[in-house]
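Below is one structure, written out as structure tokens; comments come after it.
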Amino acid sequence: MRLLHTADWHLGRSLEGRSRLEEQQAFLDELVEIVSREKIDAVLMAGDVFDTVNPPATAEQMFFETLARISRKGECPFIAIAGNHDHPDRLAASFPLAKELGITLVGLPTLELQKVPISRTGEMLEIAALPYPSESRLKMLLSESAEELDVRSQYDDWVDSYFKEITSRYTPGNVHLAMSHLYVAGSKESDSERPVHIGGAYTVAAESLPAAAQYVALGHLHRPQIIKRAKTEARYSGSPLSYSFSESGQSKSVTIIDVEPNQKAKVEEIHLTCGKPLVAWEAKNGVSEVFQGIQDGLHHNCWIDLSVHVQDALSMEEIQRLRKAHDGIVHIKPVFTEKLGEEISVSTQKLPVDELFTTFYKRQTGGAVPDPELISLFLDLVGEEDGEGESAG
């Protein structure tokens, strides 16, 4: 059978207030096309369908419309689990209706194997599906100790025991997979995952992934990667879009698995073409370089983290002109030349206190000048501290 592994869609997520719904819809359209072109028998979605537990209605509509397009009334089964960003009950609420269309939605951890018949091959796919297993979702305290290492050890033991128990229920002669939303120790993360449980107590050893599975489909980390120390083929498919500038330059993909009973899985990456690249642009020659680059079409369809080398602080007029020239500019960060810093460090020792404060204020604010009242207040504070020091002596 031929399966497709994807994860971390984060439907509804924005980039510093900029909507990504159009890009997310483009990914979903591309996914439907890949499923058809590659003759996929079933799709596995390893968590974080949505970006929040209360996603916008548009994101939910996109999700359910895509499920209908992929499943084609059960021709291509779709199996999804809840990630840490998903509300487990909300995700699984439509399952009684969805299952009639070959769609399986698993919200909370269960020891029930997901059994999916594959009509084209006449084979049975068995999935040990473990949605994001936090202590609150498990409704159990894994460790009496508050020490991170103790909690991590108990958490890893629980995941190891869970997989051993559920995979013991595999039926010989079927295709055996596992799927979960976890952080595996030693994996590479990016900034867009850090607001959630990355590392820390909720960490699992690669060796705890089930050896009995022919493939382990993982979600949670946005960088596509293989788990090298796992006892079987295990992989993060990664997110379909770059969700932070730390993912700049990453090639996004979905994973295709060809597998049959009692045989090693064959894995292939299909790279995606959707989504705007996230680019870190450093303009060493100042604002003029940026405008020239925009005029030449540089990074014309990208989200941009812009650093501009300047002698003085950027004016509001310059900032507005930059944003008007390219609507993909997300951040504008001035970078002051080293020469200016050197001049300040050499000369400050000879300056009066008020001028030292003014110089410091300019450096901290990017060039703003403190008003006379603020300077006066600073001098009063300095005078009070000097007075206290004299009386104490």
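Positions are given from 1, in the same order as the sequence printed here.
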Practice task
Apply the test side chain to side chain contact (heavy atoms under 4.5 Å, CB included) to residues T232 and L209: give CA-CA distance (whole Å), side-chain angles for both, the deciding distance (0.1 Å), then the verdict.
Solution key: CA-CA 8 Å; T232 188; L209 299 176; 5.5 Å; no
*Stepwise side chain to side chain contact (heavy atoms under 4.5 Å, CB included) test for M179 and H5*: CA-CA 9 Å; M179 176 163 62; H5 166 205; 5.6 Å; no
Audit row: V159, L182, side chain to side chain contact (heavy atoms under 4.5 Å, CB included) steps and yes/no: CA-CA 10 Å; V159 171; L182 294 166; 4.2 Å; yes
Show your reasoning for whether side chain to side chain contact (heavy atoms under 4.5 Å, CB included) applies to D48 and Y132. CA-CA 9 Å; D48 279 355; Y132 180 67; over 6 Å; no
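Ring orientation note: the planes of H222 and H10 are nearly perpendicular, at an angle over 60° on the 30°/60° scale. Relative ring orientation between H176 and Y170 is described as parallel, the plane-to-plane angle staying below 30° on a 0-90° scale split at 30° and 60°.
Between K284 and V335 there is no side-chain heavy-atom pair separated by less than 4.5 Å. With a 4.5 Å cut-off on side-chain heavy atoms, I118 and V175 do not count as touching. Using a 4.5 Å heavy-atom cutoff, the side chains of R18 and V330 are in contact. You'll find the side chain of V204 stays beyond 4.5 Å of the side chain of F163, heavy atoms only. By the 4.5 Å heavy-atom criterion applied to side chains, R120 and K39 are not counted as neighbours.
A donor-acceptor pair is defined here as one N or O able to donate and one able to accept, closer than 3.5 Å; no such pair exists between the side chain of S36 and the backbone of E33. For Y202 (side chain) and P133 (main-chain N/O), no donor-acceptor pair under 3.5 Å exists by modelled atom type. Within the 3.5 Å criterion, the main-chain N or O of T110 finds no donor-acceptor partner in the side chain of E112. Using modelled atom types, one side-chain atom of Q214 and one backbone atom of Q263 make a donor-acceptor pair closer than 3.5 Å. Side chain of E318 to backbone of S315: a donor-acceptor contact under 3.5 angstrom is found. Remark: side-chain polar atoms of Y162 are not paired, donor with acceptor, to backbone N or O of L111 under 3.5 angstrom. Judged by distance alone, the side chain of Y236 and the main-chain N or O of V184 form a donor-acceptor pair under 3.5 Å. Side-chain N or O atoms of S237 include none that pairs as donor or acceptor with a backbone N or O of V254 at under 3.5 Å. One N or O on the side chain of E23 and one on the backbone of K276 form a donor-acceptor pair closer than 3.5 Å. A donor-acceptor distance shorter than 3.5 angstrom exists from the side chain of D8 to the backbone of H220, with no hydrogens or angles considered.
The two atoms that bring A178 and P210 nearest to each other are CB-CG, 3.7 Å, heavy atoms only. Across every non-hydrogen atom of P131 and P109, the tightest pair is CD-CA, 3.8 Å. Nearest heavy-atom pair, A265 versus Y215, reported as atom, atom and distance to 0.1 Å: CB-CB, 4.3 Å. Closest heavy-atom contact between Q250 and S246: NE2-O, 4.1 Å. The shortest non-hydrogen separation linking A82 to G107 is CB-O, 3.4 Å. Contact record, C76 with V35: SG-CG1, 3.9 Å, taken as the closest heavy-atom pair.
Side-chain contact of H181 with N84: a donor-acceptor pair under 3.5 Å is present, judged by distance alone. Counting only N and O atoms by type, the side chains of E269 and S253 include a donor and acceptor under 3.5 Å apart.
Each of L113 and V106 belongs to its own hydrophobic cluster when Ile, Leu, Val, Met, Phe, Trp and Tyr are linked at side-chain heavy-atom distances under 4.5 angstrom. Cluster membership for I79 and V267, using ILVMFWY side-chain heavy atoms within less than 4.5 angstrom, is shared. Cluster annotation: L241 is not connected to V49 through the hydrophobic network of ILVMFWY side chains, with a link wherever side-chain heavy atoms come within less than 4.5 Å. Residue L11 is grouped with residue M45 when hydrophobic side chains (ILVMFWY) are merged at heavy-atom distances under 4.5 angstrom, including chains of intermediate members. With hydrophobic clusters built from ILVMFWY side chains whose heavy atoms lie under 4.5 angstrom apart, F27 shares a cluster with I40.
Electrostatic pairing of R2 and D41 does not count as a salt bridge here, judged by no charged N lying under 4.0 Å from a carboxylate O. A salt bridge between D160 and K164 is present, with a side-chain N of the basic residue lying under 4.0 Å from a carboxylate O of the acidic one. By the 4.0 Å N-to-carboxylate-O rule, R13 lies close enough to D51 to be salt-bridged with it. Ion pairing between a basic and an acidic side chain is recognised when a charged N comes within 4.0 Å of a carboxylate O; E207 and R229 show such pairing. The existence of a salt bridge linking E247 and K252 is confirmed by a sub-4.0 Å separation between a basic side-chain nitrogen and an acidic carboxylate oxygen.
Distance check: F64 CZ to L101 CG gives 11.5 Å after rounding to the nearest 0.5 Å. Note that OG of S244 and CH2 of W303 are 14.5 Å apart. Values are rounded to the nearest 0.5 Å. Note that CD of Q24 is 13.0 Å distant from CG of L31, once rounded to the nearest 0.5 Å. Taking CG from L278 and CZ from F245, the interatomic distance works out to 4.5 Å, rounded to the nearest 0.5 Å. Rounding to the nearest 0.5 Å gives a distance of 10.0 Å between CD1 of I294 and NE2 of H299. Distance CD/Q320 to CE/M316: 5.0 Å, rounded to 0.5 Å.
Dense packing is recorded around NE2 of H271, with more than 12 heavy atoms of other residues, nucleotides or ligands lying under 6.0 Å away.
For the side chain to side chain contact (heavy atoms under 4.5 Å, CB included) with V32, the lone residue among R37, R72, R69, E65 that qualifies is R69. Under the side chain to side chain contact (heavy atoms under 4.5 Å, CB included) test applied with Q114, the options T104, I81, L125 reduce to a single match, T104.
Because its NZ or CZ atom is both nearer than 6.0 Å to the ring centre of F291 and within 45° of the ring axis, R321 counts as a cation-pi partner of that residue.
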